[in-house]
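Remember, it's 1-based here, ligands and their atoms both numbered in the order they're listed. In what follows, every heavy atom counts, from backbone to side chain, and hydrogens, waters and symmetry copies are set aside.
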Amino acid sequence: MTKFDYDLFTIGAGSGGVRASRLASTYGARVGVAEEYRVGGTCVIRGCVPKKFLVYASEYGHDFNNARGYGWSAENISFNWQTLIENKDNEIDRLNGIYIRNLKNAGADIFQSRATVKDEHTVHLEAENRTVTAEKILVATGGAPWVDDSIPGHELGVTSNEAFHLENLPKHVVVAGGGYIALEFACIFKGLGCEVCVVYRGEDILRYFDTDVSVQVHSELKRQGIRVITQTVFKEIEDLGGGEKRVHLSNDTHIDTDMVFWAVGRWPSTKGLGLENAGVELAKNGAVIVDDYSKSSCDSIYAVGDVTNRVNLTPVAIREGAAFAETCFNNKPTKMDYRFIPKAVFTQPPVGVVGYAEHEARKEFKNVDIYKTNFRAMKNMLTGSEERVMMKLVVDADTDKVIGCHIVGEEAAEMIQCIAIAVKAGVTKAQFDETCALHPTIAEELVTLHEKFVPPM
Ligand code: NDP
C-alpha cells in the first residue's frame with residue numbers, strides 16, 4: 001500500500017492534464033485533479049473551441065456578400081453579438097460538463113481549487129485549505145496571455161480571455177501582435193463588421209511561418225480592408241472617456257478606437273505555483289524544463305502542455321499527457337514525436353502547414369526543390385471576390401520526400417490534416433504526381449504541381 005493519498009495529482013484540468021489523468025486512471029492509478037477555473041482548460045473554455053465558433057460566425061459576414069454572385073439576395077442582414085455569445089457559452093457549458101463527467105467516470109477526484117506545490121509529493125488545495133500527497137505530481141497549468149505592462153494605459157486593453165465575453169461588439173479594434181491570436185481575432189472582428197488595425201513589431205506578420213505564407217496572409221488581410229502596420233509598437237494607450245481610447249504608436253502616429261486587443265504572446269502559468277519548493281527548474285519565461293518523458297528536474301514532478309512551452313497546441317498537450325501516462329502508469333516509456341505536426345491559423349482565409357518552411361529546409365537539407373502556385377479559386381469566379389489560394393511544396397531533392405506543405409486558402413486546415421498523414425509517412429513528390437486529381441477541387445492543385453519554382457536571379 002502506497003503511503004500517498006494519490007498515485008497521481010494533476011494540477012490543471014486542460015487538454016493535457018485531463019488526458020493524462022483519465023489514462024492514468026484507466027491504468028489503475030488513484031488520481032486527483034485540481035482546477036482553479038473551469039475543467040476543459042484554455043482550448044475548450046477560452047481558446048480553440050470558442051474561437052472557432054467566432055470564426056464560423058465571422059465567415060458568414062463574407063458569405064452573405066459572396067452569395068450575391070450566385071443569385072441570392074442578402075439584403076438587410078443583421079448580426080447580434082449577444083446571441084452568438086449566448087449560444088457559444090451554452091455549447092462551452094455542455095463541453096465543460098462532458099469533460100467533468102469523463103474525468104469522474106474514469107474514477108478521478110476533481111477539486112475545484114487552486115493548487116500549489118508544497119514539496120516533492122505535497123500539494124496544497126487553497127479552496128479547502130488542506131494538503132494532499134501524491135507519488136507523482138503533474139503540472140498542466142497551461143499558459144496565460146501576456147500584456148506589456150511597461151506601456152502606460154496597458155490595462156485599457158483586453159486579451160483573448162476577455163474577448164470571448166465582451167458585452168458589445170466594438171466598432172473599431174486595434175490589435176497588438178502579428179501571431180496566431182492577433183490575426184485570428186483581426187479576421188473575426190473584420191468579418192463581423194468592425195474596422196480593424198493590426199500593429200506588429202517585426203518586418204512581417206506570422207514571422208515563424210514560410211515567407212510565402214506570411215506574404216499571402218498579409219495581402220489577404222489588406223484585401224479585406226484590415227490595416228496592417230509593421231515595424232511599429234504601442235507607446236501609450238490614452239483613455240479618451242466614453243469607452244474611446246487613443247493608441248499612440250512608436251511611429252509617432254495615433255489611432256482612436258473603442259477596443260485595444262493585446263495578442264503579444266502567452267506565458268507559461270507557473271507564477272505562485274510553489275514549484276521552487278520542490279526544486280523544479282524553470283526557464284526564463286517561467287516554463288517548466290522537462291526531459292523527453294516530460295519529467296522535470298524533480299523526480300516526482302512532471303509537466304505537459306503549454307506550461308512547458310514546447311509546441312503550444314492542444315493535440316500536442318494531449319499526446320504529451322498520454323505519453324506521460326504510458327510512461328509512468330503503464331510501464332511503457334513513451335516519448336512524444338514532434339516531427340511533422342500540422343498547424344493551422346484560422347485567419348480568413350485560413351493557413352494550413354506541415355513540415356519545413358523553405359528557409360528552414362534550406363538550412364537543414366543540401367538540395368531543396370520548391371513547387372508553388374497561386375490562383376483564384378473557382379468558387380470566386382462568380383462571387384467577384386479576389387481572394388486567392390497559395391500552395392507550396394518543399395521537397396528534399398536528394399530523397400524526393402515532401403518535407404513541407406504550406407497552404408493559404410479556403411479549407412487549408414482541413415486539407416493539411418490529411419496531407420500531414422502522407423508527409424509524416426514519408427511521401428515522395430513522385431507519389432504526389434502519381435495520385436489522380438479530384439476535379440474540381442482546390443486540393444487537386446497539390447497533385448498537379450509539375451514545374452519546379454526557379455527563384456529569379
Ligand atoms: P504568437 O507567438 O503566435 O504571437 C505573439 C505575437 O506577439 C508575435 O507576433 C510577436 O512578435 C508579438 N510580440 C511578442 N512580444 C512582443 C512585444 N514585447 N511587443 C510587441 N509584440 C510582441 O502567440 P499568440 O499569443 O498569438 O499565441 C500563443 C500560442 O498559442 C501560439 O504560439 C500557438 O502555439 C498557440 N495558438 C494556436 C492557435 C491555433 O492552433 N490556431 C490559435 C491561437 C494560439 P514576433 O513574431 O516578432 O516575436
Pairs of nitrogen or oxygen atoms closer than 3.5 Å, one from Phe346 and one from ligand 1: do any exist? no
Return yes or no for this condition: an N or O of Gly178 is under 3.5 Å from an N or O of ligand 1. yes
Test of proximity, Tyr180 against ligand 1: N or O pairs below 3.5 Å: yes
Answer yes or no: does an N/O atom from Gly179 fall short of 3.5 Å to an N/O atom of ligand 1? yes
Given Arg207, Arg310, Glu203, which one has a non-hydrogen atom that is nearest to atom 48 (O) of ligand 1? Arg207
Does some non-hydrogen atom of the protein lie less than 4.0 angstrom from atom 46 (O) of ligand 1? yes
Option whose closest heavy atom lies nearest to atom 34 (O) of ligand 1, chosen from Val345, Val198, Val199, Asn312: Asn312
Checking Glu36 now: which residues fulfil salt bridge (charged side-chain N to carboxylate O under 4.0 Å, His left out) with it, not counting sequence neighbours? Arg114
By salt bridge (charged side-chain N to carboxylate O under 4.0 Å, His left out) - contacts of Lys271 (at least two apart): none
Should the proximity of Ala344 to ligand 1, defined as any heavy atom under 4.0 Å, be assigned to the side chain, the backbone, both, or neither? backbone
Flag the pair Tyr302 / Tyr293 as yes when their ring centroid distance falls below 6.0 Å, and as no otherwise. no
Within less than 4.0 angstrom of ligand 1, does Trp146 place any heavy atom? yes
So for Lys343 against ligand 1, with non-hydrogen atoms under 4.0 Å, the contacting part is neither
Answer with yes or no after comparing the ring centroid distance for Phe261 and Phe185 against a 6.0 Å cut-off, counting only values under it. yes
Does the side chain of Leu95 reach to within under 4.5 Å of the side chain of Asp93, using non-hydrogen atoms? no
